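This report concerns only the one structure given below.
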Amino acid sequence: MSKMVYLGSNLKMYKGVKDTVEFLTRLSDLTKDIDRSGLTLFIIPSYVTLESARKAVPNASILLGAQNMHWEEEGQFTGEISPRMLQEIGIDIIEIGHSERRHVMGENDFDENKKVLSALNHGFKALLCVGETLQQKELDLSDETLSTQLKIGLSGVDKKDIGRLWIAYEPVWAIGVNGIPASKEYADEKHAVIKDVLCGLFGSDADGIPVLYGGSVNPQNAEELAEMPNIDGLFIGRSAWDAEGFNKIIRATYPIFQKKP
Ligand code: 13P
């Protein structure tokens, strides 16, 4: 049996309730003929849309994630959202440590670690994002950066929970409107580094942890990225925010992913 393919989008701070529901309903409809036994399709919209989003599409069609989460169940944390609140809505995935959380909101690896442990302890899938800045890349510190982010971010994770752990490699310099997409060779090389670190942490069980690529994935480069041996899925921003466009990327890349050994 071929491996599970992971294709998803982070909607960042763009779509409100109405647009998110319309987008999800359309995407679910466009992709309804694709057998979900080989495809995990997921969307991570903004917090305020999550309840309506969950009602709009079943998780058998599209898994839903939160873009962030506080690690405590409740408390004096004004402006934060707790795991219990997200459980109540029926959210599947918690995205942790997106580069915008790290580099705009100032989160560090120790914060991400508390969120990873809390997400896993509350039964969610934890999607930890890692990636080097341009400066770290230019100083030839990419591998060390990835290793540090993973070793701290995943510290204390129990092997029994790694079936719910996903990693996204998102080089900071490749993300967003000013991003330069990573070449397929570079992305694949860094995915191999990530897989090596995961293997060091969890042994051969780490083979099952999907490593997704994100950062300026677009209709032109999606297929060549999908061909690379160490890339298990794509985590897309701008190019997936239109349901028709995302559907095209899904249909172009899914068979390529499936064919890989
Ligand atoms: P872009 O695809 O818009 O570069 O965003 C990627 C991303 O941040 C996914 O989390």
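In listed order, ligands and their atoms are each counted from 1. Index from 1, following the sequence. All figures in this text were calculated on a predicted structure; none of them were measured in a lab.
With sequence neighbours excluded, no residue forms a side-chain hydrogen bond (donor to acceptor under 3.5 Å, both in side chains) with Tyr14.
Side chain to side chain, Tyr254 and Thr31 fail the donor-acceptor criterion of an N or O pair below 3.5 Å. Side-chain atoms of Trp241 and Ser9 form a donor-acceptor pair, as typed in the model, at a separation below 3.5 Å.
A heavy-atom distance below 4.5 Å is found between the side chains of Val211 and Leu198.
Residue pairs meeting the side chain to side chain donor-acceptor pair (under 3.5 Å) criterion with at least one member in residues 192-209, sequence neighbours excluded, are Lys195-Asp232. Listed by first and then second residue, the side chain to side chain donor-acceptor pair (under 3.5 Å) pairs involving residues 82-92 are Arg54-Asp92, Asn59-Asp92, Glu73-Arg84 (not counting sequence neighbours).
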Between ligand 1 and the protein, find all N/O pairs closer than 3.5 Å and give the distance for each.
unit_1   : atom_1 : unit_2 : atom_2 : d
ligand 1 : 2 (O)  : Ser216 : N      : 3.4
ligand 1 : 2 (O)  : Gly237 : N      : 2.9
ligand 1 : 3 (O)  : Arg238 : N      : 3.0
ligand 1 : 3 (O)  : Arg238 : NE     : 2.6
ligand 1 : 3 (O)  : Arg238 : NH2    : 3.4
ligand 1 : 4 (O)  : Gly176 : N      : 2.8
ligand 1 : 4 (O)  : Ser216 : N      : 2.8
ligand 1 : 4 (O)  : Arg238 : NH2    : 2.9
ligand 1 : 5 (O)  : Lys12  : NZ     : 3.3
ligand 1 : 8 (O)  : Lys12  : NZ     : 2.9
ligand 1 : 8 (O)  : His98  : NE2    : 2.7
ligand 1 : 10 (O) : Asn10  : ND2    : 3.2
ligand 1 : 10 (O) : His98  : NE2    : 3.1
ligand 1 : 10 (O) : Glu170 : OE1    : 3.1
ligand 1 : 10 (O) : Glu170 : OE2    : 3.0

